[in-house]
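Everything on this sheet refers to the single structure shown next.
Chain naming here is simple, since letters A, B, ... match the order of the sequence lines and numbering starts at 1 in each. Not measured: the values here are computed from a predicted model.
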Amino acid sequence: MKNNEVARVFQDIADLLEFKGENVFKIRAYERAARAIEHYPRELKTMIEAGEELRDIPGVGEAIAGKAVELITTGRLSYYENLKNKLPQGITNLLAIPGIGPKTARRLSGELGISSVDELERAINEGAVAELSGLGNKTAENMLHQIQALRRKDQRIPIGEALPIAEEIIIALGAVAGVRNLTPAGSLRRFRETVGDIDLMGTADNPGQVVDAFAALPQVAQVLAHGSTKGSVIVKGGLQIDLRMVNHDAFGSLLQHFTGSQQHNIALRERGRRQGLTLSEYGITVTSTDELEKFSTEEDFYRRLGLQYIPPELREAQGELARAEQQSIPPLVELSDMKGDLHAHTRWSDGHDSVEELALAARDLGYQYIAITDHSAGRGIAHGLDMDRLWQQIAEIKALNDRLTGIRVLTGIEVDIRADGSLDFPHEVLSRLDIVIAAVHSSMHQSQDKMTRRVIGAIEDPDVDVIAHPTCRLVGGREPVAIDLEAVFRAAAKNDKIVEINAMPDRLDLKDVHAFRARELGVKLAIGTDAHSTSHMGFMRFGVGLARRAWCQPRHILNTLPLSELLVLVNRNR
DNA sequence: GCCGTTTTCGGCCCGACTGTTTTCAGTCG
């Protein structure tokens, strides 16, 4: 059983306890544990097999550790099943409706016998809900709207779609006089792989003007709220965007508050409370004197608490506070550290642009090199290269390197790892390329054993430099293949091979927690955009954001190396 | 249920909004 499945069970327990009316701190403990397990870089199953203590995970104590062991080793959890059996089935569906909390859900269930969204909708339409004391027509009406919104609403959207929308709006609002500091907050700023909505923050001499401009944007399909400092809209496509403007002097605490994560804020505020400080979006209040201190920057806010600045990507309550206390948060990799792109496709296979167009785009980005890694012939649908065409492409790249200055084009291939573990090209071909990326593109439903052996076989092949998109998952789409990543990482570390962070926002593969674990095990990582056109080369920032979430420094990422050092490394076997 | 620079027991983030209120409970982020 995977960590995210375990996390889902504990979240479900939290919901059931909430419905039951349990102690709110017990509920919060289950929620906290669910988040912690979801973000934990190691598989709990592996830890249990190795006899390691689950209580090392922050937020997991004796009781939850015991439940996790039972759940993972037997596939069942008696506590959970008893809880489900005692409560009306499907009741947590009601809690998923915004505006309905445990109290309301319990009344709907107890007084009207409702336990599903459909039943609730019927009861509202029959007027039964509005007749409950303490509720009313307005409440019933809102429930109906929320049910309809829930049915239309797409799930969380990939960061690759959300960030450009946010930036477009920031640019438009930047034209308003006296506006400053416009920036995304929330999960978008933390570079999570998906976001539920977009939060924008900023300061202005005249905040109301900015909100007015926001509500009047051409992208806006519906205005939900429009005040003097806050606006909330739905843009075309259904995504909700909230804007919040404050005076310049309180921006630091505002941005900190709305960047979250919620678990990070809770941990931070608990710590502040022990110091006699009350933290909020308005600033820090010294509890004994009731005096409010304001902060124009997040750096000052964290410093006031005796903490090193914590980059947004690390704010997931995964030990970053302890590190900040010791002033030992490392300098994370930045986009400007990237010296080249190691994964790109051209018209030779399934890309849209020529080798030269990609090379010039890479030079414009300030890179020193770009590797052309078209597909091998085994990828029939991708118009892969056979040996003849690969020789032709190598000749073209050689001629281009003679002609171009300021950028070095590396010859390469994304060679298919076939179902039987063999590679699409023989040693005589692969050994003549600057860089060889190997990846799985077919037979994705193999058993975990077979898939793991298949990929480790490629890692052990001396011709292979990089393993690309190791899990083949698609964000919000295809599930990852069954593969023992721990074993893959250990093999990569042992053979000194590189594992890719695929920066394409639909892939983001490795994902953050796995990249974290790979780094811990000493695996060198590379960020590749998998560009199929020059415009895709901008995906690098998503890969960098992911690497930062994995606490990666420049030294952990292969393509922060300058060209000369990179060539030494990839040519060592040739 | 978790956890410790007061504490192994007694706390546990904080403020805003909404609707149905006559002083606030419930919910959310």
Next on the checklist: For Glu193(A), give me all partners under side chain to side chain donor-acceptor pair (under 3.5 Å), at least two apart in sequence or on another chain.
Outcome noted: Arg473(A)
Item to check | Neighbours of DNA chain B within residues 95-109 of chain A, by heavy-atom distance under 4.0 Å | outcome: Ile97(A), Pro98(A), Gly99(A), Ile100(A), Gly101(A), Pro102(A), Lys103(A), Thr104(A)
Checklist outcome for this item: Across all chains, not counting sequence neighbours, the salt bridge (charged side-chain N to carboxylate O under 4.0 Å, His left out) partners of Arg541(A) are Glu167(A)
Next on the checklist: Can you list, in residue-number order, the parts of residues 300-313 of chain A that come under 4.0 Å of DNA chain B, counting heavy atoms only?
Outcome noted: none
Close N/O contacts between protein and nucleotides 15-19 of chain B (under 3.5 Å):
unit_1  : atom_1 : unit_2    : atom_2 : d
dA16(B) : OP1    : Tyr282(A) : OH     : 2.7
dG19(B) : OP1    : Asn142(A) : ND2    : 3.0
dG19(B) : O3'    : Thr139(A) : OG1    : 3.0

Checklist outcome for this item: residues 37-46 of chain A vs side-chain hydrogen bond (donor to acceptor under 3.5 Å, both in side chains), sequence neighbours excluded, gives Arg35(A)-Glu38(A), Arg42(A)-Glu52(A), Lys45(A)-Glu49(A)
Checklist entry - Which residues within residues 62-70 of chain A lie with some heavy atom under 4.0 Å of an atom in DNA chain B? => result Glu62(A), Ala63(A), Ile64(A), Lys67(A)
Checklist outcome for this item: Residues pairing under side-chain hydrogen bond (donor to acceptor under 3.5 Å, both in side chains) where one sits in residues 89-103 of chain A, two or more places apart or in two chains, turn out to be none
Item to check | Summary of ring-ring contact (aromatic ring centres under 6.0 Å, His included) pairs that have at least one residue in residues 244-275 of chain A, sequence neighbours excluded | outcome: none
Next on the checklist: If the condition is ring-ring contact (aromatic ring centres under 6.0 Å, His included), which residues does Phe295(A) pass it with, not counting sequence neighbours?
Outcome noted: Phe301(A)
Check: protein-nucleotides 4-8 of chain B nitrogen or oxygen pairs below 3.5 Å:
none

Checklist entry - Hey, is CG on Asn137(A) packed in by over 12 heavy atoms from elsewhere, all under 6.0 Å? => result no
Item to check | Residue list, ring-ring contact (aromatic ring centres under 6.0 Å, His included) with His536(A), at least two apart or on another chain | outcome: Phe539(A)
